[in-house]
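FYI, side chains are in, hydrogens and waters are out, and symmetry mates aren't considered; it's all heavy atoms of this structure. If you're wondering where the values come from, they're calculated on a predicted model, not measured in any experiment. Residue numbers begin at 1 in each chain, while the letters A, B, ... track the order of the sequences.
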Amino acid sequence: MSIEKNEEFRPKIVAFCCNWCSYAGADLAGSSRMSYSADVKIIRVPCSCRVNPMFILRAFERGADGVIMCGCHPGDCHYTSGNYYARRRMTLLFSMLDYIGVENGRTRVEWVSAAEGAKFSQTMHEFVDKITSLGKNVRLEDLRCRN
Amino acid sequence: MYKIAKENLTALFQKIAAEQELYLPVRNEGQVNFAAWSEDAQVDIDTLKTVKSPKDAFFPQSETLYTCVRDGKKINIEPEALKEQDFVVFGMRACDVRGVEVLDKVFLVDPLDTFYAARRDHGTIVALACHEPEETCFCKVFGIDAAEPAADVAAWLIGEDLYWKALTEKGEALTNAVADLLTEDAGADETVNKEKDAIRSIVEQLPYTHLSLEGWNGDVLMEKFEDPLWDELYKPCLACGTCTFVCPTCQCYDIKDYDTGKNGVQRYRCWDSCMYSDFTMMAHGNNRKSQKERFRQRFMHKLVYFPANNDGMYSCVGCGRCVEKCPESLNIVKVIKAFAKQGGEK
Amino acid sequence: MQELINRAKELLADGTVARVLGWKAGDLPYNPEPAYFEKEEDFADFVYNGFCGANLSKYMIEASKLEGKTLVCLKPCDTYSFQELIKEHRVDRDKAYIIGVGCKGKLDIEKIRAMGIKGIKSISGAEIEDEAETLTIDTIYGEKSCAYKDAMLERCHVCKGKDHMIFDEIIGESKETKDADRFAEVEKIEAMSPEEKFAFFQKELSKCIRCNACRNVCPACSCRKCVFDSNKFDSSQKANVDSFEEKMFHIIRAFHVAGRCTDCGECSRVCPQGIRLHLFNRKFIKDINELYGEYQAGADLEPRTPLTNYDVEDAEPGIVAERG
Amino acid sequence: MQRIGVFVCHCGTNIAATVDVKKVVEMALHEPGVVHAEDYAYMCSEAGQELIHKAIKEKHLTGLVVCSCSPRMHETTFRNAAEKAGLNPYMVEIANIREHCSWIHKDIEEATEKAVILMRAAVAKVNLDAPLKPGESRVTKRALVIGGGIAGIQTALDIAEAGYPVDIVEKTPSIGGRMSQLDKTFPTLDCSSCILTPKMGEVNAHPLINIYTYSEVESVSGFVGDFTVEIRKKARSVDMNKCTGCGVCQEKCPSKKTPSEFNRGLSTRSAIYTPFAQAVPNVPVIDRDACIKFKTGKCGICSKVCQAGAIDYDQIDEIVTEKYGAIVVATGFDMIKLDKYDEYAYSQSKDVITSLELERIMNAAGPTGGHLERLSDGKPPKEMVFIQCVGSRCADDRGKSYCSKVCCMYTAKHAMLIRDKYPDTNVTVFYIDVRTPGKNFDEFYRRAVEDYGVNYIKGQVGKVIPQPNGKLLVQGADLLDNKQILKEADMVVLAAAIEPNPDVRKIATMLTASIDTNNFLTEAHAKLRPVESPTAGIFLSGVCQGPKDIPETVSQAGAAAVKAIGLLAKDKLLTNPCTAHSDELLCNGCSQCANVCPYGAITYEDKEVNDHGVRETRRIAVVNDALCQGCGACTVTCPSGAMDLQGFSNRQILAEVDAICR
Amino acid sequence: MKTEHSRAEMIKEISGVNPLKCMKCGKCSASCPSYNEMDIKPHQFVSYVINEDIESLVKSKSLWKCLSCFACVERCPRDVKPGKLIDAARQIVVRERGKNYLLADDIPELVDPDTPQQLLVSALRRYRR
């Protein structure tokens with residue numbers, strides 16, 4: 001299906017949200033009617049520590065232009081320590097992506113609590129703007145999946 | 001016999017590439033491999049051995065066979081087109097040329113591999129004699145003459161000139177196509193013969209040249225298969241695929257699917273390696289459970305099974321790439337020698 | 001070498017060990033192979049010289065399953081890998097008798113070839129005992145020579161030191177051969193623009209033939225079945241059909257060994273295409289050192305590695321962008 | 001292949017006004033596996049659920065996608081509906097097209113496009129869903145309390161009052177803990193033993209409470225609801241059943257030189273002893289290191305004088321094995337050692353003491369019979385100096401980084417008591433901050449200043465120098481007047497930091513309960529689950545979790561008891577089925593997953609596997625479903641992908657990614 | 001002349017001290033043997049650096065009254081170490097005089113007759129590296 005209205009660049013953005021804080025934060029953004037771009041699609045995971053670097057690379061492989069991961073604030077993890085592990089993993093992964101020449105800013109981590117609907121919406125705004133300014137992801141995609 | 005000055009080779013490559021695809025040894029980040037020619041490619045025909053053999057030209061490491069595209073709840077199958085463009089592979093060596101003959105025995109018999117056959121039909125091979133053979137070479141063991149490659153065109157790089165001799169119709173056609181860059185040279189035969197003698201005399205001095213293949217043929221299957229020596233030989237093997245991927249004759253491939261999401265599922269084939277733990281893994285399991293069995297497979301195939309089915313032709317060509325590249329310094333020569341040593345002791 | 005052989009024979013004879021894992025002389029001057037020695041007469045082929053670069057610690061995974069102890073010859077840098085394998089319960093310390101063998105830097109035949117030396121008949125100066133600074137190489141095309149140092153593996157230029165981290169006894173002397181900054185290459189790349197970085201790695205990785213030698217030789221990559229061989233993540237790959245797959249494989253491989261990689265350098269040693277694979281691992285090591293404190297995998301038996309540990313004050317992932 | 005039904009909710013106009021629900025239904029029918037799709041005004045209503053029920057039955061659906069509000073809202077509703085129709089509840093996935101779509105987008109085309117993509121992702125996930133069943137585990141209706149101080153006593157009483165048997169394990173010969181050593185308690189100044197002793201008696205007499213004193217936990221295995229604990233009952237050398245507690249043995253014992261632990265070494269005790277007069281149980285133990293009989297074989301006086309014949313020199317340690325459903329840790333605290341604080345001259349002068357030592361000196365049953373006197377010469381002090389924050393709030397490794405919380409209040413108490421009883425004695429307190437949050441706390445502190453004339457100086461003491469005349473020269477700073485103070489004192493009292501009982505690390509390891517860098521046990525959630533350990537079935541009571549005073553300890557003890565009772569009240573535990581599990585053919589047994597598991601749910605077994613015909617024994621990770629909470633930390637740590645999470649499997653998440661990126 | 005901000009930053013860099021860690025307990029001032037001779041007291045050094053009033057600090061008597069006995073460094077519970085701040089402030093003075101390194105021969109003319117001997121030892125130890 002293609003309902004694209006015009007030819008302007010519409011980024012594909014995958015957001016991994018932990019069930020306990022960030023997914024609830026996104027729900028709050030919704031119930032508070034705090035809009036953000038429809039280009040963001042959320043995948044629910046139990047905890048940010050469930051996010052495997054392979055998921056992020058897979059999203060890029062399949063043509064995602066940006067990937068953002070949201071979890072509970074450090075110290076507030078439902079599972080006590082999950083986001084601490086996630087933080088190290090993502091820091092190293094992002095550093096590696098930067099190192100091999102992927103544009104800075106295609107990936108992001110933000111801690112969003114269940115009460116921070118506004119922050120969720122604001123973060124998504126910023127991220128969509130950033131990705132839009134970076135343009136299409138061409139460095140990490142698999143050409144076979146290209147449109 | 002024609003010749004062309006080395007300095008004019010770029011013009012020759014330009015001329016060939018204008019009409020058809022051209023593959024030749026190119027240096028990239030310190031390594032020489034066959035690659036498509038381009039103006040800024042760093043062509044290197046002095047390096048004796050490319051890391052990978054040129055078999056990709058006819059049997060690429062991976063190639064799509066067909067694509068399944070979903071249309072609602074129906075599935076359409078779109079086969080991949082066969083090779084239609086002529087191409088030239090320049091700079092193969094005598095051993096590599098024999099490697100292609102081995103592949104022909106596999107892919108050009110019934111059932112014909114149409115993808116391979118199309119490439120063979122459209123490809124012309126220009127082979128170079130080996131100016132300075134190296135200590136890992138043992139082509140002579142398989143009756144290959146490094147001084148006189150049996151390709152569509154044979155060529156010799158001597159001093160500042162390349163000598164050119166068409167050997168087949170395809171070779172003649174290519175020669176005609178580039179005729180205006182070649183000059184006829186009456187004294188060429190003599191120069192080339194001298195070079196051939198020099199090459200052959202070096203080959204005689206190589207440490208592996210006199211390797212004996214005694215005891216290796218299609219008739220020794222069970223005896224060799226069951227030999228306890230394999231229990232020792234495989235042990236250092238890491239089960240990587242280096243030897244098979246640099247080999248000019250290894251022809252095993254796997255067929256896999258890749259789901260592109262929006263562009264359907266591509267079914268492609270890619271080189272497999274008998275060294276890999278999932279080689280010939282099937283739904284019921286694996287019929288070669290241990291590394292020993294997989295390791296044995298490679299050498300038995302080259303030295304016993306293949307000759308058994310192909311009138312005694314071995315599927316090793318003595319290029320020595322595996323000798324150079326095995327991470328733990330295992331190779332077919334050591335295997336042959338180990339059996340010979342054991343034979344001596346018995 | 002003779003001392004090593006004598007001691008190994010002695011330990012075999014008195015039943016302390018059931019076999020010896022060392023190196024067997026090759027049929028060319030530079031290609032010894034890892035081998036087991038179980039009988040006195042096997043030792044005729046035993047060799048230990050500058051070309052014995054292989055890290056034997058990974059072989060101990062299989063050897064740990066055998067009856068009796070295995071005497072294993074480990075160079076100083078190999079002992080880090082061995083300790084890491086102990087931590088991960090992949091080798092059995094009780095099944096190993098470790099002789100820490102001396103090391104004065106190991107040789108890379110590819111470096112010798114790259115000097116245009118070919119048709120090699122013999123090499124002298126690679127023996128471990130002498131202090132030879134020069135290799136003399138007799139070839140079909142005449143006698144050549146080169147400095148020992150110039151023929152050393154890359155990893156030996158950033159040697160971690162001459163101390164064995166774990167051993168039962170030490171035979172032979174070691175020399176620290178470090179003469180370069182371990183992270184210099186990484187820093188050079190870090191300083192590039194994103195475009196340059198991308199072009200650099202695109203080119204470097206385009207050589208990859210997915211032979212898996214880097215993975216299979218790696219003592220940290222000791223998975224029974226690698227994710228790239230299984231369908232757990234739909235991740236089975238046998239060839240790099242698209243350049244994305246090269247990146248995926250090498251990034252994930254480096255990530256999986258991050259915090260466990262001892263920087264033994266085997267991956268770069270074995271790559272048939274000369275890809276500088278250590279550039280990936282060292283990037284992670286450098287980041288870990290900078291962000292989470294100096295860490296050398298395999299230097300101790302502490303079970304937690306930087307990626308299975310955390311500190312509440314850890315840097316945020318945004319630091320990557322801030323560093324620029 | 002699944003047979004999936006897709007149900008699109010209008011949510012009145014909440015969804016339908018922005019998302020073209022008919023289009024979503026139409027697009028759903030093109031998706032693989034989808035055999036049914038329909039929309040309805042309110043899917044969560046009875047009528048909506050009926051539609052689902054009917055479709056499951058008629059179309060033989062194996063999986064459901066409900067495109068509706070957030071799963072946090074109605075996932076349970078739809079799972080229950082599916083279960084009623086005979087479908088496994090975990091075969092339901094929700095596409096959140098309200099909160100994440102219709103409510104935040106205005107453009108119908110855009111919102112519809114996104115809703116379709118979210119639906120696709122959910123369908124992709126259901127296609128890989130597998131029926132899951134919560135496991136069950138039994139609950140042993142008995143609790144263990146480790147530590148017999150006020151925290152342990154209160155927890156045990158509360159649990160026992162609810163009707164569940166409780167065992168208390170106490171390391172020392174008597175229960176009572178630190179509180180029994182205190183003289184008075186703030187802010188009411190009741191006598192500590194007057195309020196504690198009745199509770200000790202109550203515990204002792206309670207039919208459901210069993211006390212193991214002079215005992216330690218030896219090992220713990222099992223998991224929530226079903227722990228097996230080995231308790232080492234150390235040899236007491238006195239038969240508990242025969243002893244009448246008459247005390248003659250202690251009087252007659254010739255070895256009386258051992259420093260009394262109870263009096264903080266300020267007095268001595270006999271080799272056969274009860275720590276204090278009101279000890280529970282009132283049965284002495286023989287300290288075998290001090291006993292002449294044990295050291296030389298001669299003596300045996302206690303045995304001779306004991307009319308009950310209770311002395312038993314041949315007793316040996318006994319191991320008791322018991323099963324418990326819940327374990328409460330109440331291991332308490334001790335004061336830090338002051339050996340790194342030479343500047344306060346604690347080791348040089350007998351007249352520099354800690355506040356706990358002062359408690360004993362002030363106590364009528366203490367070493368001085370309750371008279372405040374210098375330990376060096378027995379004279380009453382005229383000038384007393386209190387130094388606060390000794391080792392608390394310290395950034396270096398000499399002390400502790402945290403505030404010990406109780407010192408400000410007990411120092412005010414000490415100062416007030418001294419000024420009350422000895423009006424001639426001047427009291428000076430050097431403080432950094434005075435922290436008095438708590439009911440009637442600040443009033444208490446102000447009374448010390450205003451009514452009792454205690455001299456509070458804002459500033460720290462740099463050095464205490466013992467003088468030849470027996471006095472102590474205190475060099476401090478007065479930061480408010482900006483001057484340095486030199487003051488001669490007769491006694492100096494150090495408010496030393498408190499730290500968790502050093503044994504707690506060992507206990508935490510046995511319980512796989514997490515512990516922080518200061519050795520305090522970590523709570524499952526700092527705000528919402530403050531009395532539970534992240535390890536299921538382990539509860540925290542008292543100072544082992546963090547510094548606190550008596551009222552706070554007692555409240556927490558009650559809270560921990562309630563949590564334990566809540567667990568013991570259940571016959572069976574239903575376990576979350578979305579747990580991790582390890583593919584034994586891929587597992588390396590490398591232990592990395594156990595390193596990151598916050599619940600200690602992963603153990604390793606040597607197991608024989610058949611790997612495509614290769615049979616061998618391998619070390620394999622095994623996940624305990626009762627402990628695993630399904631966070632997934634292990635799945636990412638596992639390099640081979642052996643560890644996967646049910647309900648959020650690798651392939652399911654990848655399928656969602658693929659569907660979104662398509 | 002550098003700005004006060006950059007001088008404060010330099011003091012922090014040289015001393016390796018984060019003055020924000022100070023909890024104003026005063027143990028430094030309580031420990032200081034030169035306290036009475038000082039116009040700015042040891043615990044105040046910290047707030048001068050926080051407030052970036054370095055000029056007052058370098059002009060103060062205290063700068064040269066500090067004996068560098070490091071009692072405050074030893075006893076500071078917060079790892080703030082006022083003695084190191086003072087040492088760094090002195091280094092700033094020395095640097096601003098245009099000499100990064102002190103030679104033994106230069107000392108006599110720089111020395112204030114009131115300067116305690118221990119300070120000279122400390123200064124030599126510190127600046128003659």
Side-chain angles (χ1 to χ4, degrees), chain B residues 28-31 33 35 46 48 51-52 60-64 132-137 202 205-208 232 235-246 253-254 256 258-259 266 268-273 275-278 281 291 321 323-331 333-334 337, chain C residues 21 23-24 26-36 51 53-54 56 58-59 62 109-110 113-114 118-121 139-141 200 203-207 209-217 224-226 229-230 234 236-242 245 266 269-276:
Chain B
N28 172 24
E29 292 294 309
Q31 307 293 320
N33 282 286
D46 295 318
L48 182 72
V51 179
K52 277 208 285 187
Q61 183 156 12
S62 70
E63 66 183 319
T64 304
E132 286 187 333
E134 296 175 6
E135 76 278 8
T136 51
C137 297
I202 292 166
Q205 297 173 48
L206 296 175
Y208 288 165
E232 293 309 314
K235 278 185 179 162
C237 175
L238 294 172
C240 75
T242 307
C243 52
T244 54
F245 287 0
V246 298
Y253 61 81
D254 196 0
K256 301 182 83 71
Y258 179 77
D259 183 354
Q266 290 184 354
Y268 66 99
R269 71 167 165 193
C270 59
W271 295 352
D272 202 347
S273 170
M275 296 292 157
Y276 284 170
S277 58
D278 56 354
M281 173 77 89
Q291 194 57 27
R321 285 186 177 89
V323 179
E324 287 189 8
K325 294 298 179 184
C326 174
E328 303 295 18
S329 300
L330 309 181
N331 58 58
V333 177
K334 282 188 177 176
K337 284 183 176 173
Chain C
L21 176 53
W23 292 267
K24 186 165 95 179
D27 57 354
L28 294 172
Y30 53 77
N31 69 349
E33 65 184 74
Y36 290 98
F51 287 104
L56 300 182
K58 193 175 188 184
Y59 288 100
E62 286 306 313
I109 185 64
E110 294 294 339
R113 287 198 184 112
K118 52 188 170 182
I120 298 169
K121 291 201 288 198
T139 81
I140 293 169
Y141 307 105
F200 174 84
K203 225 173 160 196
E204 190 73 24
L205 290 182
S206 68
K207 293 187 289 182
I209 57 173
R210 272 306 273 282
C211 65
N212 292 318
C214 51
R215 178 191 79 186
N216 289 15
V217 81
R224 294 198 166 94
K225 197 172 186 67
C226 174
D229 285 349
S230 86
D234 290 336
S236 167
Q237 294 173 359
K238 261 186 187 160
N240 298 319
V241 181
D242 184 272
E245 293 185 321
E266 284 287 87
R269 177 180 74 84
V270 303
C271 179
Q273 290 280 27
I275 302 174
R276 285 167 282 171

Considering all heavy atoms of both residues, which atom of [X] and which atom of [Y] are nearest to each other, and what is their separation?
| X | Y | value |
| --- | --- | --- |
| Asn216(C) | Ala239(B) | ND2-O, 2.6 Å |
| Gln273(C) | Asn33(B) | OE1-ND2, 2.9 Å |
| Arg210(C) | Tyr276(B) | O-OH, 2.8 Å |

Interchain contact, [X] with chain C, by part (heavy-atom threshold 4.5 Å):
| X | value |
| --- | --- |
| Asn28(B) | both |
| Asp259(B) | neither |
| Glu63(B) | neither |
| Lys235(B) | both |
| Pro60(B) | neither |
| Gln266(B) | neither |
| Ser329(B) | both |
| Asp254(B) | side chain |

[X] versus chain B, the contacting section by heavy-atom distance below 4.5 Å:
| X | answer |
| --- | --- |
| Phe51(C) | neither |
| Glu110(C) | side chain |
| Arg215(C) | neither |

Using a cut-off of under 4.5 Å on heavy-atom pairs, state which of [options] scores highest against chain C.
| options | answer |
| --- | --- |
| Tyr268(B), Tyr208(B), Trp271(B) | Tyr208(B) |
| Cys137(B), Pro133(B), Cys243(B) | Pro133(B) |
| Gln61(B), Glu132(B), Lys52(B) | Glu132(B) |

If we define contacts as heavy-atom pairs under 4.5 Å, which of [options] has the most with chain B?
| options | value |
| --- | --- |
| Ile120(C), Ile140(C), Val270(C) | Ile120(C) |
| Arg113(C), Lys58(C), Arg269(C) | Arg113(C) |
| Lys238(C), Lys225(C), Glu204(C), Arg276(C) | Lys238(C) |
| Val217(C), Leu56(C), Asp229(C) | Val217(C) |
| Asn212(C), Leu21(C), Asn240(C), Asn31(C) | Asn31(C) |

- Contacts of Cys211(C) meeting side-chain contact (heavy atoms from CB on, under 4.5 Å) (sequence neighbours excluded), chain-then-number -> Thr242(B), Phe245(B), Ile209(C), Ala213(C), Pro272(C)
- Under 4.0 Å between a Lys/Arg side-chain N and an Asp/Glu carboxylate O for Lys334(B) and Glu33(C)? yes
- Pair Tyr59(C)-Glu328(B), side chain to side chain donor-acceptor pair (under 3.5 Å): steps then yes or no: CA-CA 12 Å; Tyr59(C) 288 100; Glu328(B) 303 295 18; 3.2 Å; yes
